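I have placed the structure first, in the form of structure tokens, so that the comments after it can refer back to it.
Letters A, B, ... mirror the listed sequences (proteins, then strands); counts begin at 1. Heavy atoms only: backbone and side chains are in, while hydrogens, waters and symmetry mates are out. Please read all numbers here as calculations on a predicted model, not as lab measurements.
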Protein chains: 2
Amino acid sequence: MRDRRISESTIHRLSHYYRALTALEREHFDTVSSRELANREELTPAQVRKDLSFFGSFGTRGLGYPVKELKEKIARILGIDRVWNVALIGVGNIGSALVSYKEFARQGFNIKLLFDSDQRKIGSNHKGITVLGMDDLERQLNENKIELVILAVPASSAQVIVDHVVNCGIKAILNFAPIKLAVPDDVFLRTENMAMELEYLSFSLVNNLPRRSDRKKT
Amino acid sequence: MRDRRISESTIHRLSHYYRALTALEREHFDTVSSRELANREELTPAQVRKDLSFFGSFGTRGLGYPVKELKEKIARILGIDRVWNVALIGVGNIGSALVSYKEFARQGFNIKLLFDSDQRKIGSNHKGITVLGMDDLERQLNENKIELVILAVPASSAQVIVDHVVNCGIKAILNFAPIKLAVPDDVFLRTENMAMELEYLSFSLVNNLPRRSDRKKT
DNA sequence: CTTTTTTTGTGAAAGGTTTCACAACTGGCA
DNA sequence: TGCCAGTTGTGAAACCTTTCACAAAAAAAG
Ligand SMILES: NC(=O)c1ccc[n+]([C@@H]2O[C@H](COP(=O)([O-])OP(=O)(O)OC[C@H]3O[C@@H](n4cnc5c(N)ncnc54)[C@H](O)[C@@H]3O)[C@@H](O)[C@H]2O)c1
Ligand SMILES: NC(=O)c1ccc[n+]([C@@H]2O[C@H](COP(=O)([O-])OP(=O)(O)OC[C@H]3O[C@@H](n4cnc5c(N)ncnc54)[C@H](O)[C@@H]3O)[C@@H](O)[C@H]2O)c1
């Protein structure tokens with residue numbers, strides 16, 4: 001954690017390394033070389049070493065990286081060595097799918113509260129969590145120490161709700177509505193856009209690109 | 001469509017332009033400047049002009065770009081000026097959410113077939129589409145001229161199914177399982193990884209990055 | 001204990017993307 | 001008709017990311 005401005009690509013690759021290390025741990029590897037780690041996620045050894053070098057020296061020359069330790073270090077860097085309290089707003093098609101997504105819980109993202117504006121949904125139960133109404137938003141977010149909000153509402157309501165959420169002091173939002181949302185500079189916002197991925201595939205098909213590419217700009 | 005190798009970032013930005021142009025059309029604008037287009041999607045005017053210049057000269061100096069025409073041109077480039085027949089495999093939490101996703105249909109991605117291996121799901125109906133069993137896969141994909149497959153099955157079965165799908169001649173796959181899948185070089189594969197986006201937010205929070213960034217590498 | 005093998009960590013080079021800056025062109029107006 | 005304001009299209013520059021290549025270090029072999 002020196003002076004640097006770490007690139008988004010590097011951070012995304014850390015997520016890949018974390019996933020590969022989880023598998024390696026399960027397979028009882030004690031150490032792993034940059035080459036093996038790279039192979040598992042379709043990257044290059046040099047990239048692995050360069051990425052890790054931004055954060056310190058974790059390996060042993062001639063031997064490689066200690067699997068368990070490196071995994072913990074990366075978890076630390078990514079901030080997933082702890083539990084994050086998450087609220088999800090909009091318990092519709094995609095919202096209710098996300099509530100059941102085990103990967104989130106496994107990485108420490110604990111969906112603790114659900115909100116919806118639909119009277120028929122308020123009070124209903126999803127995976128043991130009761131859906132709350134929007135009027136209670138601010139108090140509930142505070143009382144439950146929510147730090148992260150997932151937005152799964154229609155595009156037409158998204159900006160209004162983001163404003164509200166930001167007003168409650170939330171600094172990180174994952175948005176699923178396919179729309180550009182405005183937030184203050186100190187709020188982190190990421191937007192998942194699945195249609196965009198399909199469009200990329202469609203472009204690839206009609207242009208018959210010479211080489212496929214998985215993952216989105218690492 | 002000259003000689004070039006268009007970057008992934010440029011393609012993703014074309015999707016953004018398309019979205020902005022759709023809105024501009026609805027608002028009855030006839031022309032739009034690179035500045036206005038850039039503002040709407042939080043990009044720079046120079047980038048808009050550079051991106052478009054890879055594909056031709058669509059604007060008029062002193063005036064800007066014709067909204068309707070540019071939108072059509074971009075649809076053409078992205079390959080969304082036609083209907084793509086899509087099959088979805090794995091009608092679980094996320095799979096059934098995706099069936100209801102209107103944005104896909106709106107952009108010409110027509111989810112025509114649903115598959116699942118679960119006996120209880122086979123024969124059931126989602127948005128008017130009957131879920132089929134996996135043994136019928138090859139014949140159905142061929143008969144229905146499916147060109148694109150969405151995979152929403154557990155990570156543990158994903159590779160086996162991809163192999164099967166590739167064997168049926170499918171050249172484009174959108175995968176939701178958080179796992180690295182192997183496909184031949186002539187098959188386009190994209191993997192949506194939502195946990196990765198949350199991890200990026202978590203990293204941002206603990207490292208208090210100086211500036212937020214929406215969208216994934218443009 | 002010495003040599004060989006392996007593999008990291010990292011400057012430097014190469015490659016790629018974004019931004020700059022301005023000539024060239026268009027439309028409108030006098 | 002000539003001039004002005006506006007805006008594109010695009011080389012060149014600046015910036016950023018990836019790959020290369022190798023010295024340094026450690027482990028393994030002899
Ligand atoms: N369905 C998908 O697979 C999918 C995929 C990607 C993105 N998205 C996007 O996710 C969003 C939700 O999609 P969906 O298919 O789940 O729609 P949906 O209509 O099923 O769900 C939206 C939910 O938000 C609630 N809601 C509406 N206005 C609200 C408000 N002001 N405050 C609180 N809750 C409110 C509704 O009651 C509903 O439960 C949309 O923006 C959509 O474009 C959906
Ligand atoms: N739930 C989410 O919000 C979410 C989000 C992102 C990614 N994902 C990923 O998407 C995938 C599906 O997640 P889910 O929550 O919908 O799980 P799920 O268990 O609800 O659905 C999986 C479906 O796949 C079917 N299936 C299993 N094996 C199959 C096979 N061999 N052939 C055909 N169908 C088969 C199952 O019958 C089930 O209907 C997982 O890989 C998950 O990690 C889920």
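- A salt bridge does not link B/Lys171 to B/Glu147: none of the charged side-chain nitrogens sits closer than 4.0 Å to a carboxylate oxygen.
- Atom CZ in A/Phe55 sits about 18 Å away from atom P in C/dT8, given to the nearest Å.
- In this view, A/Tyr18 satisfies the ring-ring contact (aromatic ring centres under 6.0 Å, His included) rule with no residue, not counting sequence neighbours.
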Expected rows: protein N/O vs nucleotides 19-21 of chain D N/O, under 3.5 Å:
unit_1, atom_1, unit_2, atom_2, d
D/dT19, OP2, A/Thr44, OG1, 3.2
D/dA21, N6, A/Arg49, NH2, 3.3

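- Across the protein-nucleic acid pair, B/Tyr17 atom OH and D/dT8 atom P stand 12 Å apart, rounded to whole Å.
- Salt-bridge annotation for A/Glu41 and B/Lys180: absent, with no side-chain N of the basic residue lying under 4.0 Å from a carboxylate O of the acidic one.
- Within the structure, every pair that satisfies the side chain to side chain donor-acceptor pair (under 3.5 Å) test and touches residues 56-69 of chain B, not counting sequence neighbours, is listed here: B/Lys68-B/Glu72.
- Note: CZ (B/Phe54) to C1' (C/dG16) measures 10 Å, nearest angstrom.
- By the side chain to side chain contact (heavy atoms under 4.5 Å, CB included) test, A/Thr31 is found to be paired with A/Leu63, residues two or more places apart in sequence or in another chain being considered.
- Applying the side chain to side chain contact (heavy atoms under 4.5 Å, CB included) criterion to B/Ala23, with sequence neighbours excluded, gives B/Arg26, B/Glu27, B/Arg40.
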Per-nucleotide protein contact string for nucleotides 23-30 of chain C (B base, S sugar-phosphate only, - none; heavy atom under 4.0 Å): BBBB----
Contacts table for residues 83-99 of chain A: side-chain donor-acceptor under 3.5 angstrom, sequence neighbours left out:
unit_1, atom_1, unit_2, atom_2, d
A/Trp84, NE1, A/Gly79, O, 2.7
A/Trp84, NE1, B/Ser202, OG, 3.3
A/Asn85, ND2, A/Asn144, O, 3.4
A/Asn85, ND2, A/Lys145, O, 3.3
A/Ser96, OG, A/Gly92, O, 2.5
A/Ser96, OG, A/Asn93, O, 3.4

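- For residues 151-169 of chain B, no residue pair satisfies the salt bridge (Lys or Arg N to Asp or Glu O under 4.0 Å) rule, not counting sequence neighbours.
- Every side chain to side chain contact (heavy atoms under 4.5 Å, CB included) that A/Ser7 has, sequence neighbours left out, goes to A/Ser9, A/Thr10.
- For the pair A/Met194 and B/Glu192, the tightest heavy-atom approach, listed with the atom from each and the gap, is CA-OE2, 3.4 Å.
- Of all the residues in residues 29-37 of chain B, B/Ser33, B/Ser34, B/Arg35 reach under 4.0 Å from DNA chain D with at least one non-hydrogen atom.
- As rounded to whole Å, 18 Å separates atom C1' of D/dT18 from atom NE2 of A/His12.
- The main-chain N or O of B/Ala182 is found under 3.5 Å from a side-chain atom of B/Gln159 such that the two form a donor-acceptor pair.
- Note on the helix from C/dC1-D/dG30 to C/dA30-D/dT1: terminal axis deviation equals 10°, with five pairs used at each end and the result rounded to 10°.
- What separates CG of A/Leu52 from P of C/dT7 is a distance of 16 Å, to the nearest Å.
- A salt bridge (Lys or Arg N to Asp or Glu O under 4.0 Å) check over residues 88-115 of chain A, counting only residues at least two apart or in different chains, returns the pairs A/Glu103-A/Arg106.
- Between the CG atom of A/Asp30 and the CD atom of A/Glu25 there is a distance of 10.0 Å, given to the nearest 0.5 Å.
- Atom OH in A/Tyr65 sits roughly 14 Å away from atom P in D/dA26 (whole-Å rounding).
- Side-chain proximity of A/Ser53 to the nucleotides D/dT10, D/dT8, C/dG9 is greatest for C/dG9.
- Nucleotide C/dT8 holds its P atom 13 Å from the CG atom of A/Asp51, rounded to whole Å.
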